[in-house]
Amino acid sequence: MTAHQRNLSASIDPVKLDRLAEVAIKVGLQLQPGQDLLLTAPAAAMPLVRRVAEHAYKAGAGLVTPFFSDEELTLARYRYANDASFDRAASWLYEGMAKAFGANTARLAIVGDNPMLLSGEDPVKVARASKANSIAYQPALEKIVNFDTNWNIIAYPNTSWAKQVFPDDAEDVAVAKLADAIFSASRVDQDGAVAAWAQHNAKLRERTEWLNGQRFHALKYSGPGMDLTIGLADGHEWEGGASTAKNGIVCNANIPTEEVFTTPHCRRVSGHVVSSKPLSYQGTLIDNISVKFEEGRIVEAKASRGEEVLKKVLDTDEGARRLGEVALVPHSSPISKSGLLFFNTLFDENAASHIALGQCYSKCFVNGDKLTPQQIAEQGGNKSLIHIDWMIGSAHTDIDGIHADGRSVPVFRKGEWA
């Protein structure tokens, strides 16, 4: 770490940073004695990585293995690598990760890279590299989306990210502001963070239990720019907050989280909808997304900004134009109240109700751990190389649950739980 980086890290409250590491281990992962941990992080997040390792070993971790990324190394590829490089990815690495997850290794991802890092690079190369990486990542991704092991994502206020969120502030001020926003959203800004998460998880559990008791056939959305009906997958199950992985460990996959979510029926979505917040995707800000669904598939797509990138995403594969997730988030969520655009889905998806293009989660089915891929597909689950969340909820959104017999039950009114 350079002297400049050390000075900037001094802008981050060390007590709250330590709490975030503790929550990641005790709440996010509930790491078990003897369990190994594989973590990925930006090199700039080393102060948080060290604290995570300390709490992991105190919890009895077997072995903590970190993998680091670096923004300058990433840019070097786009500026100097030969053209063939952009159709390749380190499949051997992801195969090894899949093997580790299959052997009960926990997975922690620390995010924090500049969300607009690739904004000045060739979008064709960015798209090619992304597709190659998505294909290579499949063995590891399947272990994650199928919830084979306990996993968690947290964030670190990297300087380049902080300057995107607070462009008018000096670097040290921007880092301090983003750190405070992360700590607040992650519920580690006060003493008793682990207990606070237990209370939050209990509230989310109440929501999921009510929704699962209703067994809705579909959700009907109405509001400015939206008239959308999302059919729900046969045998769908709502999840939110803490969940039990196939290895039996209860964990929180995302910190922060304000959502309850399930699997839509990928062939039963109709109507039109517009985005309520911009989507930051691989260096491109995609704004004012407007799409039309017919029989589950997006047949028309527009955006006021980033439309070319949006259309490339939709052409990734057959499943990219269909939904893999639907999530409910009240407009009054703490992240929404902050008024910030984080340029990072981990946070922005928790500011508004949202939908996700692409791959579904098998855990969002009753007895999902026992279903084959074919059974999941038959019940309406979608398959794709991508999983991209984008926000559609606002203070003006109404959502009704529709039963199979046509009965309607209010779920959201004006962006809040009804």
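Heads up: numbering here begins at 1 and tracks the sequence.
- Nearest heavy atom pair, residue Pro115 against residue Phe343, reads CB-O, 3.2 Å.
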Exercise. Assess whether salt bridge (charged side-chain N to carboxylate O under 4.0 Å, His left out) is satisfied between Lys99 and Glu95, documenting all intermediate values.
Key: CA-CA 6 Å; Lys99 185 176 180 181; Glu95 288 167 2; over 6 Å; no
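- Here the two rings, on Tyr78 and Phe86, have centers that are under 6.0 Å apart.
- Figure legend: Lys363 and Phe147 shown as a cation-pi pair, the cationic atom lying under 6.0 angstrom from the six-membered ring centre and within 45 degrees of its axis.
- With a 4.5 Å cut-off on side-chain heavy atoms, Asp398 and Arg413 count as touching.
- No side-chain N or O of Gln379 forms a donor-acceptor pair with one of His236 less than 3.5 Å apart.
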Exercise. Report the C-alpha distance between Arg79 and Glu121 in whole Å, list the side-chain angles of each, state the deciding distance to 0.1 Å, and finish with yes or no for salt bridge (charged side-chain N to carboxylate O under 4.0 Å, His left out).
Key: CA-CA 8 Å; Arg79 293 170 182 173; Glu121 306 307 318; 3.8 Å; yes
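- Under 4.0 Å is where a charged nitrogen must lie from a carboxylate oxygen, and between Arg268 and Asp234 at least one such pair does.
- When ring centroids are compared, His387 and Tyr361 come within the 6.0 Å threshold.
- Taking 4.5 Å as the limit, every side-chain heavy atom of Trp210 sits out of range of all side-chain heavy atoms of Val260.
- For Phe261 and Trp238, the distance between ring centers is not under 6.0 angstrom.
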Exercise. Dump the intermediate steps for salt bridge (charged side-chain N to carboxylate O under 4.0 Å, His left out) on Asp87 and Arg128, then the final yes or no.
Key: CA-CA 6 Å; Asp87 296 312; Arg128 287 167 58 198; 2.7 Å; yes
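- Using modelled atom types and a 3.5 Å distance limit, the side chains of Ser384 and Asp317 yield a donor-acceptor pair.
- Residues Thr284 and Arg305 have side chains that never bring a donor and an acceptor to within less than 3.5 angstrom of each other.
- Ring pair Tyr94/Tyr137 is perpendicular by interplanar angle, where above 60° counts as perpendicular and below 30° as parallel.
- Lys163 contributes a side-chain N or O that, together with a main-chain N or O of Pro167, makes up a donor-acceptor pair within less than 3.5 Å.
- The pair Arg187-Glu258 meets the salt-bridge criterion, with a side-chain N (NZ, NE, NH1 or NH2) lying under 4.0 Å from an Asp/Glu carboxylate O.
- A side-chain hydrogen bond (donor to acceptor under 3.5 Å, both in side chains) with Asn252 holds for exactly one of Asn150, Asn201, Thr257; it is Asn201.
- Between Lys58 and Glu54 there is a salt bridge, since at least one side-chain N of the basic residue sits less than 4.0 Å from a carboxylate O of the acidic one.
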Exercise. Evaluate the salt bridge (charged side-chain N to carboxylate O under 4.0 Å, His left out) criterion for residues Asp348 and Lys277: first the C-alpha distance (whole Å), next the side-chain angles of each, then the deciding distance (0.1 Å), finally the verdict.
Key: CA-CA 8 Å; Asp348 291 335; Lys277 294 179 182 292; over 6 Å; no
